[in-house]
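Since the structure comes first, as structure tokens, the remarks are kept for the end.
Reminder, nothing fancy here: chain letters follow the sequence lines and each chain counts from 1. Source: prediction; values computed, not measured. Below, each value reflects all heavy atoms present in this structure, side chains not excepted, and no hydrogens, waters or symmetry copies.
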Amino acid sequence: EIIECLEALKSSESTSFQQVKQVHSRIAESHVLCRDSRIANLLIQIYGSLGCLGEVYCIFKTLHRPSILSWNIVLAAYAQNGYLEETKSVFDRMPERNIVSFTTVLSAFASAGFIDSAKEVFETMPERNVVSWNAMLTAFSQQGHLEDAQILFEKMPEHTAVSWNVLINAYAERGVLERAQLVFENVPQKDVYCWTIMITANAIKGNLDSASKLFRDMPQHSIVTWTAMVQAFGENGNIQESLNYFSKMPERNSFAWTALIIAHIHGRDLDGATRTFRNMPDHNIVSWTAMIHAHAECGSIDGAKAVYDTMPERNVVSCTAMLVAYSQAGHVDTARRVFDSMPLYNVVAWNAMAAGYAFQGDLWTARMMMRSCPERN
RNA sequence: AUCCACUAAAAACGAAGAG
């Protein structure tokens, strides 16, 4: 019963920390945790996917002689949350490693942008399977190394649906639609991912007719496919069609609702965006931030501020949205106050603040901001 | 060998389009 409950939490994408914590404490009371490694593994994995690495560590350290499976789950928890140093140190401390451990580290290097290290792991790992090849393929594709990706793809001993999808997506993301299309036509067994990638590829280029045709031709739709259509028409300002797809969705999640909010923003429909926001069953930080943007885009700086003050939590993105709202309304000093109050910075935040000064003609301060930014892209 | 690793959808800056 406990395992079923945990499996459900794991597969749901709207699992909250509170829910997990609740189940966790129930389990802790019954003392099964230290005896059943499957339960511990599941808990670690769920906490990992929520980014709660403190809990991950706490549970892991209670295990006596953790299996390689448990080690791998912890490794993935750090890797998938972007903690490269911790990933490396867990990897070094592992009593034994298998192909999954190596592939996890490979992906960690790749997402941190260290393509050479990723390549080194790939070349030196004791054995490789199709997942490791796919991970390496993804690494090249994320860095935009399309030639390397293509060569690797041709060298692979076998292809899975993922291999084809990664390659298509690599071309699609770089705007090489013709190549993407060409590869797409050669895919032996197209899965939902594959079709959805092509829909998005066409939508980016504004080929909404092709996107619609793909949608009609594909055998199955997932919630992601539907959301891609909502987004495709929304991005191009067609609220009607966007709404049309949204209304026909068999189920909706926060991604779909937020995509619809954004559609209204592109159509300059603040009331529509607000209505959509009110109708959604739950709000998260992304939908709240979208509403800051909605008010800002429609010229309602007070509305943006009201949203900003009301939202239950904020992050770099939402603070930056508020900052930009002020700076576009001509209130650079207020924007600066938001900037100074931010708990965390990234390149976008620095860039946005610099741009705010630049647009006002204050190039001196803009340059100062750029110089102070610890990171460039 | 179905508890671990690889692929698709939503928020902020920039990338010609804050005249």
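By the neighbour-count criterion of 12 heavy atoms within 6.0 Å, atom CD of A:Glu123 is densely surrounded, having more than that number from other residues, nucleotides or ligands. Within a 6.0 Å radius of NZ in A:Lys213, other residues, nucleotides and ligands contribute 12 heavy atoms or fewer.
In the region residues 232-245 of chain A, proximity to RNA chain B at under 4.0 angstrom, judged on heavy atoms, holds for none of the residues.
Using a 4.0 Å heavy-atom cutoff across all strands shown, A:Ile262 reaches sugar-phosphate atoms only and no base atom.
Hydrophobic clustering (side-chain heavy atoms under 4.5 Å, transitive across Ile, Leu, Val, Met, Phe, Trp, Tyr) groups A:Leu84 together with A:Phe91. Linking ILVMFWY residues whenever their side-chain heavy atoms come closer than 4.5 Å, directly or via other members, leaves A:Met280 and A:Phe255 in distinct clusters.
Checked by atom type and distance alone, the side chain of A:His264 never pairs as donor or acceptor with a backbone atom of A:Asp271 at under 3.5 Å.
Which of B:A5, B:C3, B:A11 sits closest to the side chain of A:Asn41 comes down to B:C3. Here B:C4 is the nucleotide among B:A10, B:A5, B:C4 with the atom lying nearest to any side-chain atom of A:Ile73.
B:A15 sits 12 Å from B:G19 when the P atoms are compared, rounded to a whole Å. The same atom, C1', is picked in B:A9 and in B:C13; the two are 22 Å apart, to the nearest Å. When the C1' atom is used for both B:A1 and B:A5, the distance is 16 Å, rounded to whole Å. Going from the C1' atom of B:C3 to that of B:A8 covers 25 Å, rounded to whole Å. When the P atom is used for both B:A12 and B:U7, the distance is 23 Å, rounded to whole Å.
Going from atom CD1 of A:Ile68 over to atom C1' of B:A5 covers 12 Å, rounded to whole Å. Distance, A:Met280 CE to B:A11 P: 13 Å, rounded to whole Å. What separates CG of A:Asn98 from P of B:C4 is a distance of 13 Å, to the nearest Å. One interatomic measurement links the two molecules: CZ of A:Phe122 to C1' of B:A5, which rounds to 14 Å at whole-angstrom precision. The CE-P distance, from A:Met229 to B:A10, rounds to 14 Å in whole Å. Here B:A5 presents its C1' atom at 13 Å from CD of A:Glu127, a figure rounded to the nearest Å. Between the P atom of B:A5 and the CD atom of A:Glu96 lies a distance of 18 Å, rounded to the nearest Å. The interatomic distance linking A:Ile261 (CD1) with B:A12 (P) rounds to 12 Å, in whole Å.
Within 3.5 Å, no donor on the side chain of A:Asn315 pairs with an acceptor on the base of B:A12, nor the reverse.
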Name the pairs: protein N/O against N/O of nucleotides 13-16 of chain B, kept only if under 3.5 Å.
| from | atom 1 | to | atom 2 | distance (Å) |
| --- | --- | --- | --- | --- |
| B:C13 | O2 | A:Asn351 | ND2 | 2.8 |

Could I get a table of every N or O pair under 3.5 Å where one atom is in the protein and the other is in nucleotides 6-9 of chain B?
| from | atom 1 | to | atom 2 | distance (Å) |
| --- | --- | --- | --- | --- |
| B:C6 | O2' | A:Thr138 | OG1 | 2.8 |
| B:C6 | O2 | A:Asn134 | ND2 | 2.7 |
| B:U7 | O2 | A:Asn165 | ND2 | 2.7 |
| B:A8 | N7 | A:Tyr193 | OH | 3.4 |
| B:A8 | N6 | A:Tyr193 | OH | 3.0 |
| B:A8 | N1 | A:Ser222 | OG | 3.4 |
| B:A9 | N1 | A:Asn253 | ND2 | 3.3 |

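Under the ring pair (Phe, Tyr, Trp, His ring centres under 6.0 Å) test applied with A:Phe246, the options A:Trp226, A:Phe233, A:Trp257 reduce to a single match, A:Trp257. Checked options A:Phe184, A:Phe153, A:Trp195; the residue passing with A:Trp164 is A:Phe153 (criterion: ring pair (Phe, Tyr, Trp, His ring centres under 6.0 Å)).
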As a quick check of understanding, evaluate side-chain hydrogen bond (donor to acceptor under 3.5 Å, both in side chains) for A:Glu154 and A:Gln150, giving each step before the final call. CA-CA 6 Å; A:Glu154 281 157 20; A:Gln150 182 70 50; 2.7 Å; yes

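Judged as a salt bridge (Lys or Arg N to Asp or Glu O under 4.0 Å), and not counting sequence neighbours, A:Asp209 has no contacts.
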Could you tabulate the donor-acceptor pairs under 3.5 Å formed by side-chain atoms of residues 105-119 of chain A, not counting sequence neighbours?
| from | atom 1 | to | atom 2 | distance (Å) |
| --- | --- | --- | --- | --- |
| A:Ser107 | OG | A:Thr103 | O | 3.2 |
| A:Ser111 | OG | A:Ser107 | O | 2.6 |

Using distance only, find each side-chain donor-acceptor pair of residues 326-339 of chain A under 3.5 Å and give its atom names and separation, not counting sequence neighbours.
| from | atom 1 | to | atom 2 | distance (Å) |
| --- | --- | --- | --- | --- |
| A:Arg336 | NE | A:Asp340 | OD1 | 3.1 |
| A:Arg336 | NE | A:Asp340 | OD2 | 3.3 |
| A:Arg336 | NH1 | A:Tyr357 | OH | 3.1 |

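How far CG of A:Asn72 is from CD1 of A:Ile99: 11.0 Å, rounded to the nearest 0.5 Å.
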